[in-house]
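What follows is a short report on a single structure.
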Amino acid sequence: KTQVEQSPQSLVVRQGENCVLQCNYSVTPDNHLRWFKQDTGKGLVSLTVLVHENDKTSNGRYSATLDKDAKHSTLHITATLLDDTATYICVVADRGSALGRLHFGAGTQLIVIP
Amino acid sequence: DMKVTQMPRYLIKRMGENVLLECGQDMSHETMYWYRQDPGLGLQLIYISYDVDSNSEGDIPKGYRVSRKKREHFSLILDSAKTNQTSVYFCASHGTGGPDTQYFGPGTRLLVL
């Protein structure tokens, strides 16, 4: 059973618009959550990591929140650019160390059009 | 600035042929991983290596084996490849400094005909 669910599956926005990506998970324990950006045919690039209950992070135009009680995270992208076109993947770790397992969502495919 | 490298980046093989995918990292990380990524699915863990000759099965090890003879290299081997092993394979490594010391390679696209 998939333990990390992302929505929407795909999203099309116009350049300059804002968008919100959702991640719901059932992983227990949930040590930390990370958002990755994956350009087509490329590897995973980390955008941000959230560790604590009600964490909020900001990385340029990317900001994220984590609600551990609800097991829910959001990734906000403001003033989207064409280069934001990519798949965004939510990953939940059940431990903080390398001994932990990573649980991957299937990703949200974001397409930014002119 | 890529810290985890994978070779080759693209590979086409015929069913029944052997496949060798190589992964390298220059950070002296003890733990390395092999994942595969298929459309509509999250990355699935094939094998974990905790150090040289210390390997464990992941969630989908069937049809694969691994080799770790040096800390900086981790190989994934497909003996007699099958068409359902067509996928994108990612290698990753993890240091001891918490979640920020985890890195992914660029991936290898494997097509088995």
Side-chain angles (χ1 to χ4, degrees), chain A residues 1-10 21 23-27 29-52 55 57 59 64 66 73 86-109, chain B residues 1-10 23 25 27-51 54 56-60 71 74 87-111:
Chain A
K1 184 179 183 296
T2 303
Q3 295 193 60
V4 181
E5 300 277 0
Q6 292 188 242
S7 62
Q9 192 172 16
S10 61
L21 283 58
C23 177
N24 290 287
Y25 62 92
S26 57
V27 177
D30 51 343
N31 181 273
H32 64 270
L33 184 149
R34 186 187 291 269
W35 285 94
F36 287 92
K37 178 185 180 185
Q38 184 181 28
D39 291 319
T40 302
K42 299 291 178 65
L44 280 69
V45 175
S46 179
L47 294 175
T48 189
V49 60
L50 302 115
V51 179
H52 305 293
D55 247 2
T57 62
N59 178 13
L66 175 64
S73 176
T87 298
Y88 292 82
I89 298 175
C90 173
V91 182
V92 181
D94 55 20
R95 290 193 214 179
S97 70
L99 296 176
R101 285 290 188 96
L102 299 181
H103 303 267
F104 292 80
T108 291
Q109 186 179 15
Chain B
D1 186 23
M2 208 172 292
K3 297 177 183 290
V4 178
T5 59
Q6 291 186 234
M7 290 291 289
R9 294 293 314 280
Y10 304 91
C23 175
Q25 49 97 2
M27 299 166 281
S28 295
H29 285 173
E30 294 179 351
T31 306
M32 298 183 73
Y33 312 81
W34 276 107
Y35 295 91
R36 63 179 282 175
Q37 185 181 36
D38 299 296
L41 298 177
L43 271 70
Q44 298 176 85
L45 180 63
I46 305 172
Y47 267 96
I48 306 173
S49 174
Y50 294 107
D51 210 332
S54 178
S56 293
E57 294 181 347
D59 299 321
I60 52 164
R71 180 172 284 186
F74 189 33
S87 187
V88 182
Y89 291 87
F90 285 97
C91 175
S93 74
H94 196 164
T96 56
D100 286 335
T101 61
Q102 186 178 73
Y103 298 94
F104 284 83
T108 294
R109 289 184 174 273
L110 172 66
L111 174 61

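These numbers come from a predicted model, not from an experiment. Throughout, a chain's letter reflects where its sequence line sits, starting with A, and its residues are numbered from 1.
If you measure heavy-atom distances from A:L44 to chain B, the contacts under 4.5 Å come from both the backbone and the side chain. Only the side chain of B:Q37 comes within less than 4.5 Å of a heavy atom of chain A; its backbone N, CA, C and O stay farther away. Heavy-atom distances place the backbone of B:L41, and not its side chain, under 4.5 Å from chain A.
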Could you walk me through whether B:F104 and A:Q38 pass the side chain to side chain contact (heavy atoms under 4.5 Å, CB included) test, one step at a time? CA-CA 11 Å; B:F104 284 83; A:Q38 184 181 28; over 6 Å; no
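Counting heavy atoms from C-beta on, the side chains of A:L102 and B:H94 never come closer than 4.5 Å.
Across A:A106 and B:G40, no two heavy atoms sit closer than the pair CB-O, 3.4 Å.
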